[in-house]
2 protein chains.
Amino acid sequence: MARSGPRTFDRDAALEAATLVFWEHGYAGTSISQLTTAMNINPPSLYAAFGDKRALFTEVVDRYNATHGRFMADAFAEETTATGLVTRLIMGAAEHYAEGNHPPGCLVIAAAANNSPSNAEVSIDLADRRNANRDLLQTRIADAISSGELPADADARGLATYVVAVIQGMSQQARDGVNTETLKMVGEMALRMWPVQPVSA
Amino acid sequence: MARSGPRTFDRDAALEAATLVFWEHGYAGTSISQLTTAMNINPPSLYAAFGDKRALFTEVVDRYNATHGRFMADAFAEETTATGLVTRLIMGAAEHYAEGNHPPGCLVIAAAANNSPSNAEVSIDLADRRNANRDLLQTRIADAISSGELPADADARGLATYVVAVIQGMSQQARDGVNTETLKMVGEMALRMWPVQPVSA
DNA sequence: AAGAATCTGTAGCGATCGCTACAGATTGGA
DNA sequence: TCCAATCTGTAGCGATCGCTACAGATTCTT
């Protein structure tokens with residue numbers, strides 16, 4: 001491998017490799033040694049290209065949201081009704097969380113679950129992102145209530161928290177080995193309590 | 001503190017202190033130093049009384065199930081119908097997961113979410129316990145289907161996985177700051193899709 | 001009364017952690 | 001052509017990790 005001149009490793013491929021390791025083991029369960037082995041670079045290259053472990057992790061989370069977890073942002077961007085959005089979020093989780101060609105579940109939910117006090121900021125960052133998603137969903141549901149799409153007595157916060165809880169539970173079940181078929185069944189059951197049923201295509 | 005003779009620290013109180021630290025930070029996020037500070041003993045006392053970090057963690061999990069998480073075992077032991085059992089499990093989670101006088105959520109769900117390969121057995125142990133709970137619930141639901149309590153076309157595995165996913169999601173939401181009132185709302189929504197509604201007392 | 005057993009505190013072990021100093025070596029610009 | 005800039009590899013830093021050797025000191029048994 002070259003020892004000078006333009007960077008010779010594929011930064012994007014290295015970042016994807018780091019994503020898989022953090023996704024499986026979490027921030028606290030992943031060492032620099034594991035990362036450099038997976039990324040096929042040495043520590044000084046990791047630090048030169050990414051900053052430090054925490055900066056790399058932040059970039060990994062951004063990348064995850066732009067790739068593997070993109071179905072959520074797409075659902076928010078493309079669905080115009082709360083019912084369509086929620087259906088797509090839940091069934092998207094069912095479809096993606098146990099695909100088998102990457103670690104199961106969701107990185108944003110799982111990767112900072114256990115941290116020491118010295119790494120608390122990592123956990124807080126991911127909690128903030130999850131809560132921002134729930135708040136966005138709550139806003140969409142509140143809009144649907146205001147527009148008459150959902151019943152006036154529906155509770156936006158409760159519904160948003162329920163949907164997020166179901167998705168987070170599906171992530172955990174996927175990590176516990178549950179397959180896509182069962183996750184889809186869970187998704188369908190979860191949607192049975194939705195105030196209005198989506199029109200079948 | 002005495003330096004000989006009968007053990008002078010309260011083993012049970014020390015174990016409870018360790019439970020709280022593992023519950024909040026998880027196995028990988030908790031150091032021996034944090035444990036000995038919380039338990040108010042020195043490392044040799046910890047090792048003499050509990051074995052090693054992993055053995056202590058196993059004992060902590062047993063203690064958690066016998067105390068804070070006891071509502072689940074009680075529900076299995078005392079409810080005679082699947083509908084009563086599921087209602088009690090979900091509403092018990094809502095009631096207990098955000099009490100405020102201990103870390104939020106469920107230790108069995110959260111405390112081994114991130115581990116390095118060298119600690120994989122810790123994660124496997126907790127996953128096995130969670131899956132054993134889901135399997136037990138599936139058995140109870142299957143029995144209810146056989147006995148006619150639930151419709152013949154109900155899917156025991158799907159229902160059990162749904163219930164466990166909801167409980168796990170509620171644990172994660174509690175850890176993300178959601179309060180008991182909202183968790184109860186989520187529990188009630190989750191139960192709306194149950195094949196039969198419980199008779200109100 | 002004395003000694004064995006036991007519990008505890010102090011100090012520190014070897015290993016691993018996140019990270020970096022420094023040198024090798026290539027590329028590109030002056 | 002030469003030198004600055006940059007990337008990389010090797011070796012290893014200080015700190016922290018899980019854990020323990022050893023000594024202090026009390027209790028209990030003989």
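Heavy atoms only: backbone and side chains are in, while hydrogens, waters and symmetry mates are out. Here is the naming used below: chain letters follow the sequence lines, and residue numbers restart at 1 for every chain.
OP1 and OP2 of dT6(D) both lie 4.0 Å or more from every side-chain N or O belonging to Arg7(A).
Evaluation of the salt bridge (charged side-chain N to carboxylate O under 4.0 Å, His left out) rule for Asp128(A) yields no partner, not counting sequence neighbours.
Of the candidates dG9(C), dT8(C), dT8(D), the closest approach to any side-chain atom of Thr8(A) belongs to dT8(D).
Comment: Arg130(B) does not engage Asp125(B) in a salt bridge, judged by the lack of any side-chain N to carboxylate O separation of less than 4.0 angstrom. Salt bridge Arg140(B)/Glu79(B): absent, no basic N to carboxylate O contact under 4.0 Å. Contact check on Lys184(A) versus Glu95(A) returns no salt bridge, with no Lys/Arg side-chain nitrogen under 4.0 Å from an Asp/Glu carboxylate oxygen.
Side chains of Ile90(A) and Glu188(A) form no contact here, defined as non-hydrogen atoms less than 4.5 Å apart.
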Across nucleotides 12-18 of chain C, 5' to 3', mark each nucleotide with B, S or - according to how protein heavy atoms within less than 4.0 Å reach it.
-----SS

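Spacing between atom CZ of Arg11(B) and atom P of dT8(C) amounts to 11 Å, rounded to whole angstrom units. Rounded to whole Å, atom C1' of dT26(D) lies 16 Å from atom CZ of Phe9(B). Distance Asn42(B) CG to dA23(D) C1': 14 Å, rounded to the nearest Å.
Within residues 13-23 of chain B, no residue has a heavy atom under 4.0 Å from DNA chain D.
Along DNA chain C, the nucleotide nearest Gly51(A) and the nucleotide nearest Pro44(B) are compared for position; the residue whose nucleotide lies closer to the 5' end is Pro44(B).
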Test side chain to side chain donor-acceptor pair (under 3.5 Å) on Asn179(B) and Thr182(B) and set out the steps.
CA-CA 6 Å; Asn179(B) 66 16; Thr182(B) 306; 3.0 Å; yes

Could you walk me through whether Asp143(B) and Ser146(B) pass the side chain to side chain donor-acceptor pair (under 3.5 Å) test, one step at a time?
CA-CA 5 Å; Asp143(B) 289 346; Ser146(B) 296; 5.3 Å; no

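Screening His102(A), His68(A), Arg11(A) against Glu16(A) for a side-chain hydrogen bond (donor to acceptor under 3.5 Å, both in side chains) leaves a single residue, His68(A).
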